[in-house]
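Throughout, a chain's letter reflects where its sequence line sits, starting with A, and its residues are numbered from 1. Quantities reported herein were computed from a predicted structural model and do not represent experimental measurements.
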Protein chains: 2
Amino acid sequence: MPDFAEPIANLVEQLKRLPGIGQKTAQRLAFHLLRADREESESLAAAILAAKNNLRECSICNNVTDTDPCLYCRNPARAHKSICVVEEPHNIVPIEKTRGYNGLYHVLGGTLSPLNGIGPDQLKIKSLLERLKKGTVEEIIIATNPTTEGEATAVYLSKLIKPLGVRVTRIGMGIPVGSDLEYADEVTMSKAMEGRREL
Amino acid sequence: MPDFAEPIANLVEQLKRLPGIGQKTAQRLAFHLLRADREESESLAAAILAAKNNLRECSICNNVTDTDPCLYCRNPARAHKSICVVEEPHNIVPIEKTRGYNGLYHVLGGTLSPLNGIGPDQLKIKSLLERLKKGTVEEIIIATNPTTEGEATAVYLSKLIKPLGVRVTRIGMGIPVGSDLEYADEVTMSKAMEGRREL
């Protein structure tokens with residue numbers, strides 16, 4: 001005999017497909033939705049469908065957007081001379097949070113991963129090179145993740161772009177601010193040493 | 001200028017209303033839903049609406065259910081001589097997980113909390129007393145949470161029900177299995193001492 005009425009069991013199953021949501025969290029969320037106002041549940045369901053229906057890729061930078069071009073690409077106040085290359089649309093969020101970057105973005109849609117069959121043609125690299133042809137871009141900041149795949153992708157892009165006379169930089173790697181040397185792994189620690197600056 | 005396109009911002013806002021979901025988790029879930037198949041998003045939205053539309057309270061025990069009576073109340077294989085009293089429908093889950101209880105349930109819909117204006121009339125106490133009138137119930141197991149309010153509710157119910165000649169018991173409190181005495185607070189520890197058994 002099932003533990004839950006079927007509509008609850010199904011809601012729990014659907015919630016469990018979300019990343020980082022296990023059985024217990026899914027149950028907690030499901031029972032919350034059952035207790036909550038009808039308005040709250042309906043707003044959530046509508047927001048999910050609206051996000052799916054009203055969003056597409058920016059034709060310039062591949063960011064997810066409800067307008068084309070996206071809010072960064074169409075903003076004349078942003079510095080069109082730098083492009084920050086990220087793996088996925090959500091990687092833009094932490095960079096925008098710094099309020100320190102005012103350039104444009106380019107979303108690759110992943111990283112090079114030959115074992116998973118992802119080569120340069122599966123990423124939005126061709127359209128990145130197209131954007132450089134106009135000659136307005138002076139710097140490409142590669143902000144792929146500091147993983148093996150992210151690093152390999154950064155090196156690949158740098159070899160491709162440098163010959164075009166565009167400056168290519170990589171985000172700094174090192175000890176996170178507020179952390180302690182004690183907790184740093186060896187690779188991070190050696191990146192921190194390599195990336196040392198004059199005081 | 002907003003950080004997100006409006007449909008994403010709205011989805012993030014709606015997700016943040018869920019318990020235990022903060023800004024970062026909401027963003028992670030939202031971007032997951034954007035990347036996921038249309039089928040996954042639509043199934044989730046549909047499950048939320050279906051749960052809200054197809055569920056109601058069991059007219060006997062107040063559990064959430066898609067059929068009335070609920071799957072426990074209508075099951076002749078369950079022992080109709082014991083009723084386990086819980087605060088909320090989701091409290092039934094951990095008890096069913098034990099596979100050791102085969103009786104019925106009664107959902108109070110909360111606990112006595114005079115400061116928040118919740119007295120006996122705001123809880124499903126009257127209908128619990130109605131269920132006892134038939135004379136088939138031999139034991140009431142009070143499984144409200146071991147909080148101040150849960151305890152007060154347990155004491156209140158016990159005073160109300162004992163005079164009816166029905167056995168009233170309270171779930172055991174003590175050190176969680178697999179835990180360590182070191183981590184037990186004083187109140188739990190003294191409950192564990194009180195609840196000691198012969199070996």
Is [Y] reachable from [X] through a run of I, L, V, M, F, W or Y residues, each pair having side-chain heavy atoms under 4.5 Å apart?
{"X": "Val85(B)", "Y": "Ile60(B)", "answer": "no"}
{"X": "Leu123(B)", "Y": "Ile161(B)", "answer": "yes"}
{"X": "Ile140(B)", "Y": "Ile171(B)", "answer": "no"}
{"X": "Leu34(B)", "Y": "Phe4(B)", "answer": "yes"}
{"X": "Ile83(B)", "Y": "Val166(B)", "answer": "yes"}

Could you have a look at [options] and say which one has the most heavy-atom pairs with chain B under 4.5 angstrom?
{"options": "Gly20(A), Ala30(A), Ala36(A)", "answer": "Ala36(A)"}
{"options": "Thr25(A), Asn54(A), Leu33(A)", "answer": "Leu33(A)"}
{"options": "Glu40(A), Lys97(A), Glu88(A)", "answer": "Glu40(A)"}
{"options": "Val64(A), Leu11(A), Leu15(A), Asn63(A)", "answer": "Leu11(A)"}

Handout entry: Portion of Asp37(B) that has a non-hydrogen atom of chain A nearer than 4.5 angstrom
Key =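 Asp37(B) touches chain A through backbone heavy atoms alone.
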
Handout entry: Atom group of Gln27(B) that falls short of 4.5 Å from chain A, counting heavy atoms
Key =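 Side chain only.
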
Practice task
Evaluate the side-chain hydrogen bond (donor to acceptor under 3.5 Å, both in side chains) criterion for residues His90(B) and Arg35(A): first the C-alpha distance (whole Å), next the side-chain angles of each, then the deciding distance (0.1 Å), finally the verdict.
Solution key: CA-CA 10 Å; His90(B) 66 263; Arg35(A) 266 200 310 272; 3.2 Å; yes

Which atom pair, heavy atoms only, marks the closest approach of [X] to [Y]?
{"X": "His32(A)", "Y": "Arg17(B)", "value": "NE2-O, 3.6 Å"}
{"X": "Pro19(A)", "Y": "Arg28(B)", "value": "O-NH1, 3.2 Å"}
{"X": "Ser41(A)", "Y": "Lys52(B)", "value": "OG-CD, 3.5 Å"}
{"X": "Pro7(B)", "Y": "Ala50(A)", "value": "CB-O, 4.3 Å"}
{"X": "Ala5(B)", "Y": "Leu71(A)", "value": "N-CD2, 4.1 Å"}

Problem - CZ (Arg74(B)) with more than 12 external heavy atoms under 6.0 Å - result: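 Yes, because the 6.0 Å sphere around CZ of Arg74(B) holds more than 12 heavy atoms from other groups.
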
Practice task
Go through the structure and list residues passing salt bridge (charged side-chain N to carboxylate O under 4.0 Å, His left out) with Lys81(B), not counting sequence neighbours.
Solution key: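 In terms of salt bridge (charged side-chain N to carboxylate O under 4.0 Å, His left out), with neighbours along the sequence ignored, Lys81(B) is linked to no residue.
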
Handout entry: Results of salt bridge (charged side-chain N to carboxylate O under 4.0 Å, His left out) for Lys133(B) - residues two or more places apart only
Key =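 So Lys133(B) forms a salt bridge (charged side-chain N to carboxylate O under 4.0 Å, His left out) with Glu130(B).
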
Report yes if the side chains of [X] and [Y] come closer than 4.5 Å at any heavy-atom pair, otherwise no.
{"X": "Ile21(A)", "Y": "Leu29(B)", "result": "yes"}
{"X": "Leu18(A)", "Y": "Leu44(B)", "result": "yes"}
{"X": "Ile8(A)", "Y": "Thr65(B)", "result": "no"}

Exercise for the section: To the nearest 0.5 Å, tell me how far Ser43(B) OG sits from Ile48(A) CD1. Expected result: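 The OG atom of Ser43(B) sits 10.5 Å away from the CD1 atom of Ile48(A).
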
Handout entry: Rounded distance [0.5 Å steps], CG in Leu49(B) versus CG in Leu49(A)
Key =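 Answer rounded to 0.5 Å: 7.5 Å.
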
